[in-house]
Structures are given as C-alpha cells and as structure tokens.
Amino acid sequence: MTHPTERFERLMADELEDCCVADVEARLETLEEYDAASPAPSEIDLDALQTLGDGTRYTVVQLLVTADEPLCVCEVSQLVAVSDSAISHALSDLRDAGLVTREKDGQWRFYEPTDRAVALTAALDQTQE
C-alpha cells in the first residue's frame, strides 16, 4: 500500500471533518484500484498522440481525412504553408506512427489516413467547444 503524503492527508482532513487513519487507508485502497484498472500507456498510443501534437502534422492528417481520397505530397504542399521537405518529413512521421498509409504509383506517392487517424481526429473534433 502507498504511504499517504502530507498533502493527501490535508485533503482528506478538509473533505472529511472527522478524518481518521481508516478513512485515509480506505481512500488509498480506492485510488490503488483505479491505478490497477487503468491501462498502462502504450508506446503506440503515446507515439500517435505525440505525432499529432505538431501543428503541421495535425493539419496534414485533417486534410487527408477531409479529402476522402489519397493525396499526393505535391497536392498537400499546395495547402500547407511549409516547405515540400517539411511536408515529406511530416508524412513520414505520420506513417511511422501508423496514422497514414502510402502507395507508390511510379514517381508519385499518395497518402491517406488510417482508420486510427480518422477516429482520433473525429474524437478531437467532437470534443471541441
């Protein structure tokens, strides 16, 4: 069992006027149950969220989700105000994070969002206020 910090004990005293050791222990047990039930962060999830945390990469994913068709790097660069190499780098990062797929057609490379990218951007869009 975790040992209570002084700050935690002050919270318990403020919340429960007649706080005792049993109250503190009961609350610690509840908190430990929450911790045990919470999934550990996966590298895949953290990588996807970190990748979407960049404005250029997020903009590119939003464009691909909205397009409903694969887009070439040259098409994306018409809409995002960064260099072609920055677009390519962003797409590479998004691909590494499993948020976009790439198909080659001769010298052209076309990108489209994965189902995960669609779901993540939809969740973010739905929670905006």
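In this text, all values refer to a predicted model and were calculated from it rather than measured experimentally. Residue indices begin at 1 and follow the sequence shown.
Residue pairs meeting the side chain to side chain donor-acceptor pair (under 3.5 Å) criterion with at least one member in residues 47-57, sequence neighbours excluded: Arg57-Asp93. Sorted by first then second residue, the salt bridge (Lys or Arg N to Asp or Glu O under 4.0 Å) pairs that include residues 62-81, not counting sequence neighbours, number zero.
The side chain to side chain donor-acceptor pair (under 3.5 Å) test applied to Ser85 returns Ser83, not counting sequence neighbours. In terms of the salt bridge (Lys or Arg N to Asp or Glu O under 4.0 Å) criterion, residue partners of Arg116 (sequence neighbours excluded) are, by chain and number, Asp45. Thr59 is linked by a side chain to side chain donor-acceptor pair (under 3.5 Å) to nothing, counting only residues two or more places apart in sequence or in another chain. For the side chain to side chain contact (heavy atoms under 4.5 Å, CB included) test, residues two or more places apart in sequence or in another chain that qualify with Thr30 are Arg27, Tyr34.
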Enumerate donor-acceptor pairs with a distance under 3.5 Å from any side-chain N or O in residues 119-126 to protein atoms, sequence neighbours excluded.
from, atom 1, to, atom 2, distance (Å)
Thr121, OG1, Ala117, O, 2.9
Thr121, OG1, Val118, O, 3.1
Asp125, OD1, Gln62, NE2, 3.3

Please set out all donor-acceptor pairs under 3.5 angstrom arising from side-chain atoms of residues 95-113, sequence neighbours excluded.
none

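A side chain to side chain contact (heavy atoms under 4.5 Å, CB included) with Leu64 is found for one member of Thr66, Val60, Val61 and no other, namely Val60.
Alongside Leu46, the hydrophobic cluster contains no other residue (criterion: ILVMFWY side chains under 4.5 Å). Other members of the cluster containing Ile44 do not exist, because no ILVMFWY side chain is joined to it at under 4.5 Å.
Once rounded to the nearest 0.5 Å, the distance linking OG of Ser77 with CD1 of Ile87 reads 6.0 Å.
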